[in-house]
Number of protein chains: 2
Amino acid sequence: MDRRQRKTREAIFSAFIALLSARDYNQITVGQIIDKADIGRATFYAHFETKDFLLKQLCEELFCHIFDATNHGHPEHKHIFNCDAPDSVFLHLFQHLQKNDNNILQLLSCQNNELFLQYFKSNLRKLVVNQLPLFAARKSEHLPESFWVDHIAATFVETVRWWIDNGMTQSPETITEYFLLAV
Amino acid sequence: MDRRQRKTREAIFSAFIALLSARDYNQITVGQIIDKADIGRATFYAHFETKDFLLKQLCEELFCHIFDATNHGHPEHKHIFNCDAPDSVFLHLFQHLQKNDNNILQLLSCQNNELFLQYFKSNLRKLVVNQLPLFAARKSEHLPESFWVDHIAATFVETVRWWIDNGMTQSPETITEYFLLAV
DNA sequence: TTATATACCGAACTACTTGTTCATTATTGT
DNA sequence: ACAATAATGAACAAGTAGTTCGGTATATAA
């Protein structure tokens with residue numbers, strides 16, 4: 001990819017994330033993004049069809065780092081997720097979130113938009129399906145699997161939200177414990 | 001309140017709800033509302049500061065019917081909520097949702113906006129706090145109460161969402177069972 | 001019935017946002 | 001050096017939010 005394209009794309013993403021940590025997604029305008037990214041209006045629209053597409057692509061890029069190793073089971077990452085402790089997948093997620101490498105926390109905060117949560121939950125569900133045996137003890141045979149998967153994914157999201165709202169004072173290990181106790 | 005005011009307010013609410021069941025909240029415009037309600041633009045703004053305020057007030061009106069009896073414990077409604085079966089509060093909520101008297105389901109569907117869910121969860125939390133003994137058996141003493149309350153409220157919302165997404169084929173009794181098994 | 005208050009009307013208006021167009025300029029990969 | 005392509009910036013149409021105001025209809029009270 002052309003270096004100019006790469007730099008522009010990077011500038012847009014970075015401006016977008018900066019704005020997301022300051023304002024609500026819905027009240028961020030394209031004008032604000034291009035001002036902060038210091039690019040022309042036409043350039044923005046050459047890269048992203050709409051603001052929603054920008055969010056979608058940002059999500060894909062963020063989730064790629066967090067979820068891909070688990071979902072597609074890249075051998076070189078397997079040891080991170082599938083080691084002895086059965087709760088290590090979720091522990092790893094919480095640890096990743098705490099580092100907040102790619103400002104994913106700003107997107108998860110409750111003032112932000114439903115679109116992001118949809119992508120996030122959709123990825124989570126895929127992950128949960130792979131980890132279902134983990135929760136076999138808790139699951140009742142009367143519950144449909146899709147209900148159960150949705151429930152676990154939603155509980156994860158709500159756990160993260162609670163963690164953020166309460167200042168993230170707990171360690172990832174403690175939060176993992178909360179999550180597993182709740183789910 | 002002046003009859004004219006009442007009628008205008010009613011027309012706005014009813015137009016708004018009709019639009020909500022057809023489109024996403026975010027893409028409903030004030031222009032569409034006043035067209036459907038058949039009122040002047042200035043009149044709308046005399047009643048509601050913004051579209052978000054309209055949603056807020058609609059929520060308050062809807063929730064009033066569903067939650068007030070439980071929260072403030074009006075004696076004349078007590079029998080509905082505090083009868084023998086301990087899960088009757090939630091069963092009653094699910095039954096109320098199934099009837100969809102005031103089109104609350106349209107607002108709960110996932111394509112709609114975060115604002116509504118915030119109000120809904122906020123009311124649910126108050127309800128859950130009053131019903132905490134119900135879940136004493138499941139709760140671990142290691143979990144902070146606020147975490148537990150948030151978790152139960154979120155699980156309720158997600159249960160309703162799953163119910164809607166799956167065509168609401170289950171009876172309120174079955175859904176209540178799912179909810180209590182999950183939480 | 002009359003008088004007064006007030007809610008509604010509607011049209012115009014400002015300011016802002018979105019998304020597009022296009023001729024010009026700068027940068028890139030080869 | 002050159003051809004391809006990305007970025008520029010300014011202008012543009014269309015749509016939206018929210019306000020203003022003089023005039024009209026309706027409610028309420030005497």
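Each chain gets a letter, A, B and so on, in the order its sequence line appears, and its residues count up from 1.
- Residue B:Ile28 is the one, among B:Ile28 and B:Lys7, whose nearest nucleotide of DNA chain D lies closer to the 5' end (criterion: closest heavy atom).
- With respect to the salt-bridge test (charged N to carboxylate O, under 4.0 angstrom), the residues B:Lys121 and B:Glu158 do not qualify.
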For this session: May I have the step-by-step check of ring pair (Phe, Tyr, Trp, His ring centres under 6.0 Å) for B:Phe116 and B:Phe63, ending in yes or no?
Result: CA-CA 11 Å; B:Phe116 175 81; B:Phe63 294 153; 5.5 Å; yes
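- Rounded to whole Å, atom C1' of C:dC16 lies 14 Å from atom CD of A:Gln27.
- Between A:Tyr178 and B:Phe147, the ring planes are tilted. Angles from 30° to 60° get that label.
- A salt bridge does not link A:Lys7 to A:Glu10: none of the charged nitrogens lies less than 4.0 Å from a carboxylate oxygen.
- Remark on DNA chain C: of its neighbouring residues A:Arg4 and A:Arg41, the 5'-side contact belongs to A:Arg41, judged by nearest-heavy-atom nucleotide.
- Near DNA chain C, meaning a heavy atom under 4.0 Å from it, residues 29-36 of chain A has A:Thr29, A:Val30, A:Gly31 in order of number.
- B:Phe53 has its CZ atom 11 Å from the P atom of D:dG18, to the nearest Å.
- Between the C1' atom of C:dG19 and the CZ atom of A:Phe44 lies a distance of 11 Å, rounded to the nearest Å.
- The interatomic distance linking B:Ile39 (CD1) with D:dA25 (C1') rounds to 16 Å, in whole Å.
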For this session: Test side chain to side chain contact (heavy atoms under 4.5 Å, CB included) on B:Arg9 and B:Glu61 and set out the steps.
Result: CA-CA 12 Å; B:Arg9 195 182 163 83; B:Glu61 207 151 281; 3.8 Å; yes
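- In this structure, CG of B:Asn26 is placed 17 Å from P of C:dT17, rounded to the nearest angstrom.
- Atom pair A:Arg6:CZ and D:dA7:C1' shows a separation of 16 Å (rounding to whole Å applied).
- Toward the 5′ end of DNA chain D lies the nearest nucleotide of A:Asp2, the other residue of the pair B:Arg3 and A:Asp2 mapping further downstream.
- Protein atom NE2 of B:His47 is 8 Å distant from nucleotide atom P of C:dA7, rounded to whole Å.
- Taking the ring centre of A:Phe44 as origin, the terminal cationic atom of A:Lys51 falls outside the region bounded by 6.0 Å and 45° from the ring axis.
- At the phosphate of D:dT19, neither OP1 nor OP2 sits under 4.0 Å from any side-chain N or O atom of B:Tyr45.
- Which of D:dT8, C:dC9, C:dA7 sits closest to the side chain of B:Gln5 comes down to C:dA7.
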